[in-house]
Amino acid sequence: MPGAATTTMSNLPALPLAHSGTQRTTCPYCGVGCGVQASVDGAGQIHIAGDPAHPANLGRLCSKGSALAATTSLQGRLLHPQIGGRIESWDTALSTTAQRLKQVIDEHGTEAVALYVSGQLLTEDYYVANKLVKGYLGTANIDTNSRLCMSSAVAGHVRAFGADTVPCNYQDLELADMVVITGSNLAWCHPVVYQRLVAAKRQRPEMHVVVIDPRGTPTCDIADQHLALKPGTDVALFNGLLSDLHRRGHVDEEFVARHTQGARQALDSAELSVDEVAELCGLGIAEVCAFYQRFGRTEKVVTVFSQGVNQSSAGADKVNSIINCHLLSGRIGRPGMGPFSMTGQPNAMGGREVGGLSNMLAAHLSLSEPGHRALVQEFWGSPRIASQPGLKAVDLFEAVHSGQIKAIWIMATNPVVSLPNANRVREALERCPLVIVSDIREDTDTARLAHIRLPATGWAEKDGTVTNSERRISRQRGFLPAAGEARPDWWIISQVAQRLGYRGFDYTAPAQIFDEHARLSAHANSDDQTPRPFHIGGLAGLSAEQYDALQPIQWPVRQAGDGGTARLCTEHFYTANRRANLVAVTYRAPVHAADAEFPFVLNTGRIRDQWHTMTRTGLAPQLSNHIAEPFVDIHPHDAMLCAVREGALARVRSRWGRVVVRVRFSAEMSRGQIFIPIHWSQQTASDARVGKVVNPAVCPISGEPEFKHTPVSIEPFSVDWHGFVLTRDDIDTTALAWWTRIQGQSFLRYEIAGRHQPDDWSQWSRDLLQLDQSEAVDLIEFRDNASALYRAAVIIDDTVHACVFVSPQPDLPSRAWLAALFDQGPLDDRDRISVLAGRPADATADAGALVCSCFGVGRNSIARAIQEQDLDSPEAIGQCLKAGTNCGSCVPELRKILLDTRNNRSLAHSTD
Ligand SMILES: Nc1nc2c(c(=O)[nH]1)N[C@H]1C(S)=C(S)[C@@H](COP(=O)(O)OP(=O)(O)OC[C@H]3O[C@@H](n4cnc5c(=O)[nH]c(N)nc54)[C@H](O)[C@@H]3O)O[C@H]1N2
Ligand SMILES: Nc1nc2c(c(=O)[nH]1)N[C@H]1C(S)=C(S)[C@@H](COP(=O)(O)OP(=O)(O)OC[C@H]3O[C@@H](n4cnc5c(=O)[nH]c(N)nc54)[C@H](O)[C@@H]3O)O[C@H]1N2
Ligand code: SF4
Ligand SMILES: [Mo]
């Protein structure tokens with residue numbers, strides 16, 4: 001093969017060895033982009049703390065960030081390259097990858113090859129992937145999971161501002177007098193920013209917080225007003241606001257005249273009375289008026305938005321309807337005001353900078369402008385350049401399904417779980433002649449379908465940069481040696497590019513890539529007439545040491561030594577005439593409406609302690625215990641109509657697929673809507689991968705899927721018994737009707753359900769636990785045939801190896817106390833007697849379900865303290881038990897437990 005390179009130790013990248021001392025790095029989860037201090041002590045223990053010097057978090061971390069150490073183990077890591085499941089050398093794996101890609105290109109052209117990448121790649125990885133596809137393969141068939149996440153915000157920004165710029169920063173939230181949080185569960189999804197807001201509101205209680213979300217969420221804990229609008233109706237609400245601002249004389253005439261265009265048309269198409277808005281959005285007239293009036297009279301307003309806005313068939317229009325209100329009232333580009341898109345992934349923003357979306361080019365240049373294409377091609381010195389936008393994620397996987405795309409390389413994302421209509425995605429990959437997956441885990445729902453698996457270095461091992469929601473570029477710095485033979489993503493891509501015969505990929509360190517990226521951002525970007533805001537020329541030419549020492553900085557950074565830019569859109573915008581566009585948008589309903597067969601609307605989203613498909617947070621016991629099972633939240637009245645019971649199992653079905661999950665009653669749900677979290681995959685549950693159920697409709701402008709609105713039905717899933725298993729080993733799940741699994745401290749916890757009572761429970765138990773008949777185990781059992789109760793415990797060397805609890809009803813004993821036995825030394829006689837009772841002789845020994853992940857405080861301990869010590873506030877609970885005093889994410893739950901306990905409601909939770 002031309003230009004083929006061979007891998008010798010000399011062209012392997014220099015990998016960090018275990019870093020002695022404290023390394024400053026950045027959290028690999030959400031777009032808040034918190035600074036982390038990581039160290040490894042003499043015993044090999046990893047210590048994680050918030051970096052007090054990082055401007056995003058000033059030392060704070062949330063529960064996920066605090067638990068990072070537990071996710072760095074080698075458990076389940078992909079340690080070696082694999083072809084067809086067999087371990088191969090890097091040399092063979094890279095050459096085979098290149099050869100097989102080349103074969104597809106030779107036979108079918110470059111359009112038959114696609115990359116599907118991720119906002120969890122570092123900027124350097126992302127830059128190289130984009131360069132390979134757009135500049136060398138010459139197609140734009142590279143898309144990213146940011147299509148599922150931020151693409152509506154990107155489209156909205158580009159339409160309004162002429163470039164994908166976020167005007168605000170986190171401080172603006174603290175400076176605002178009114179904060180509108182719409183389509184965002186900030187408390188759970190951007191916890192550190194939320195905590196900054198909580199602190200600001202504590203200092204200035206007059207700060208007014210409005211939450212706009214069809215569900216009541218923990219974010220409502222600090223809301224002065226919660227508008228539970230009908231899902232999908234945001235454009236009507238914000239168009240109504242635009243009309244109202246105009247009617248009440250809140251237009252900033254001077255700003256509109258000098259800095260904007262399109263106000264007239266936008267107002268014409270926004271024309272809605274408050275009555276019409278109330279009707280469309282399912283809200284009361286008084287609450288709509290109160291919101292509009294407050295917005296009208298408050299100068300410093302920030303509107304935070306996230307997936308309730310972006311993930312919609314009207315996503316881009318929703319974004320522009322929000323931005324329009326800020327433009328008409330001139331509330332943008334100054335401290336304490338502006339529309340603020342919260343990015344989801346740690347490097348969603350960096351991916352946009354390198355042009356990872358199929359319709360973008362590098363450095364915020366446009367794929368549809370011939371001048372921009374020529375500029376990038378010239379800079380790269382590349383043989384060709386993509387000449388038209390490539391396929392967007394949902395279409396891209398359709399093209400895989402239809403056979404138009406014959407080779408796909410997936411990096412740092414798990415599309416079999418996270419794309420809509422996910423069974424079709426799985427089918428597409430099953431049919432695809434060449435699937436290459438770069439991941440850190442050996443077995444994910446997507447990696448299972450790969451012909452070639454390439455092991456990537458994980459967060460603790462890699463070096464590069466990420467950009468957070470406020471445009472702040474921070475370094476990620478490795479502090480552990482690479483796991484097995486894992487290699488950085490940029491290196492893997494560069495090696496394959498070289499073996500495809502391409503020059504321009506001879507990088508040996510991420511600093512070189514960053515330098516090229518910085519230079520490209522400055523290339524032909526000095527013309528004051530059409531400045532591109534993404535400009536980090538001031539960070540070009542850094543030495544390896546300077547790159548290593550790079551401090552968090554907000555782009556643009558035009559000159560070396562420039563301290564970065566706190567706000568954008570301060571003096572002008574980035575269109576040809578430097579005016580912002582008010583975009584005329586009109587409300588339209590979600591694509592698929594509920595009907596008689598599918599009468600409920602399914603909303604999907606996140607929970608506090610898990611990250612996406614759980615490939616990392618799922619390893620941390622302290623995170624898995626907060627919510628241990630996939631569930632559906634439903635209003636109790638709706639549940640009654642469908643005969644589904646709290647704590648029982650239900651099947652949720654759409655035209656696209658079905659799942660089975662645990663039912664939770666929630667008065668926070670509006671009638672007619674249900675909510676299921678996105679985190680469970682085939683690895684962690686028998687049938688809870690919710691992407692199967694989600695419809696594939698997308699926003700026609702951004703291509704972002706309508707993840708928050710699928711018509712579904714819900715019905716009981718009947719089983720004859722429910723149960724749970726705590727065990728040190730895997731169980732055999734094949735005979736079960738339903739199961740789900742989480743990682744405990746030193747055990748696995750399975751929730752299970754089955755049909756038919758076995759004739760011989762003992763044998764059933766042995767088969768389930770995969771106990772060797774000859775093994776000298778102490779199996780103690782309890783059976784009550786009348787009530788069909790069965791309990792068993794396996795004791796080996798006086799310690800608990802496993803316990804199994806089965807009951808016809810889902811009212812099983814607390815798992816928390818039993819779980820604690822697994823960390824205990826030899827059982828004493830009292831414990832032995834108590835095991836099968838499922839509760840301690842002394843009731844106070846049962847802490848209950850985990851509430852505070854940071855300090856491991858359970859619900860029962862909190863409730864007891866409230867009762868016994870007459871505690872009356874989350875602060876008092878914090879003083880007594882420390883709960884809620886670190887990351888603060890559980891404070892809304894503490895408040896709830898306070899209410900419940902003081903109202904003397906039942907504390908028992910069926911699946912704690
Ligand atoms: N714990 C945790 N944090 C995360 C992540 C995680 O996996 N776990 N992922 C990160 C990523 S990548 C992302 S993108 C962000 C997402 O962060 P968020 O967008 O805050 O999270 P979601 O839960 O997806 O959805 C937000 C809210 O939108 C509401 N919503 C649904 N439909 C509508 C509607 O029509 N209008 C309005 N106004 N609201 C609606 C939902 O009820 C939900 O409460 O979180 C990031 N942070
Ligand atoms: N129904 C529904 N679906 C959704 C959403 C929703 O709200 N509802 N939200 C969407 C959104 S906003 C997002 S962002 C997506 C997220 O969905 P995904 O991106 O599919 O989810 P992750 O679990 O974060 O997948 C990341 C993968 O990368 C691997 N990985 C981790 N670090 C590295 C690394 O350094 N290199 C490599 N090569 N691999 C690595 C992980 O093991 C994991 O397999 O889900 C989308 N899907
Ligand atoms: S808020 Fe939490 S998950 Fe997000 S970056 Fe900070 S520590 Fe990480
Ligand atoms: Mo996301």
Side-chain angles (χ1 to χ4, degrees), residues 28-32 62-64 76-78 117-122 125 144-150 181-191 211-219 227 229-234 237 304-312 314 318 342-346 348 410-420 422 437-441 444-447 454-459 461-462 486 488-489 492 590 601-617 623 673 675-679 681 690-691 693-694 704-705 707-710 889:
Y29 299 125
C30 85
V32 176
C62 75
S63 51
K64 294 181 297 300
R77 280 294 293 269
L78 178 60
V117 302
S118 159
Q120 293 171 70
L121 290 173
L122 302 182
D125 304 324
T144 140
N145 65 359
S146 283
R147 181 69 60 197
L148 318 178
C149 180
M150 306 316 307
I181 304 174
T182 180
S184 156
N185 184 7
L186 206 67
W188 279 10
C189 296
H190 297 93
V211 172
I212 304 173
D213 193 311
R215 290 190 303 155
T217 66
T219 306
L227 293 173
L229 84 178
K230 219 172 101 187
T233 59
D234 304 64
L237 184 67
V304 174
F305 61 94
S306 187
Q307 301 315 344
V309 167
N310 294 338
Q311 290 173 340
S312 159
K318 285 187 180 186
M342 279 287 143
T343 54
Q345 298 178 90
I410 298 166
M411 294 171 203
T413 177
N414 195 356
V416 172
V417 186
S418 55
L419 273 172
V437 169
S438 301
D439 206 286
I440 57 168
R441 307 273 300 167
T444 70
D445 288 7
T446 303
L454 302 172
T457 43
W459 164 74
E461 303 148 19
K462 59 198 280 183
D489 287 290
I492 302 172
V601 168
L602 169 67
N603 174 6
T604 58
R606 292 150 173 84
I607 61 172
R608 191 188 80 191
D609 285 357
Q610 293 295 354
W611 178 260
H612 297 162
T613 71
M614 288 196 208
T615 67
R616 287 173 287 167
T617 45
L623 297 180
Q673 298 166 36
F675 176 87
I676 300 182
I678 60 173
H679 307 288
S681 67
V690 75
V693 183
V694 174
E704 181 151 351
F707 281 122
K708 304 286 191 245
H709 199 284
T710 303
S889 300

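Both counts, for ligands and for their atoms, begin at 1 and track the order of listing. Because only heavy atoms are used, hydrogens play no part in the values below, and waters and symmetry mates are left out as well, while side chains stay in. Start at 1 with the first residue, then count along the sequence. Values in this document were obtained by computation on a predicted structure and should not be read as measured data.
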Legend entry - Under 4.0 Å to a heavy atom of Val694 - the qualifying atoms of ligand 2, by number: 1 (N)

Inset, instruction - Using a strict cut-off of 4.0 Å, indicate which atoms of ligand 2 neighbour a heavy atom of Asp489. - result: 34 (C), 35 (O), 36 (N), 37 (C), 38 (N)

Inset, instruction - For Val693 and Leu602, work out which heavy atoms get closest and say how close. - result: CG1-CD2, 3.8 Å

Inset, instruction - Ignoring angles and geometry beyond distance, decide whether Trp459 reaches within less than 3.5 Å of ligand 2 through its nitrogen or oxygen atoms. - result: no

Legend entry - Atoms of ligand 2, numbered as shown, that sit under 4.0 Å from any heavy atom of Ser438: 37 (C), 38 (N), 39 (N)

Legend entry - Protein residues that have a heavy atom under 4.0 Å from any atom of ligand 1, sorted by chain and number: Cys30, Lys64, Cys149, Thr182, Gly183, Ser184, Asn185, Trp188, Cys189, His190, Ile212, Asp213, Pro214, Arg215, Thr217, Leu229, Pro231, Gly232, Asp234, Ser306, Gln307, Gly308, Lys318, Gly344, Gln345, Asn603, Gly605, Arg606, Ile607, Arg608, Gln610, Trp611, His612, His679, Lys708

Legend entry - His679 side chain to Ile607 backbone, donor-acceptor under 3.5 Å: yes

Inset, instruction - Pick out which of Ile492, Asp439, Asp489, Val437 makes a side-chain contact (heavy atoms from CB on, under 4.5 Å) with Leu454. - result: Ile492

Legend entry - Steps toward side-chain contact (heavy atoms from CB on, under 4.5 Å) verdict (Leu237, Ile212): CA-CA 10 Å; Leu237 184 67; Ile212 304 173; 3.8 Å; yes

Inset, instruction - May I ask you to check whether Thr444 has an N/O atom sitting below 3.5 Å from an N/O atom of ligand 2? - result: no

Legend entry - Those atoms of ligand 2 less than 4.0 Å from some heavy atom in Thr457: 34 (C), 35 (O)

Inset, instruction - To the nearest 0.5 angstrom, please state how far the CZ atom of Phe675 sits from the CG atom of Asn603. - result: 5.5 Å

Legend entry - Under 3.5 Å: N/O of Asn414 near N/O of ligand 2: yes

Inset, instruction - Can you measure from NZ (Lys64) to CH2 (Trp611) and round to the nearest 0.5 angstrom? - result: 7.5 Å

Inset, instruction - Might you point out which heavy atoms bring Ser118 and Asn145 nearest each other, and give the distance in Å? - result: CA-OD1, 3.2 Å

Legend entry - Heavy-atom pair of closest approach, residues Ser889 and Pro191: OG-CB, 3.7 Å

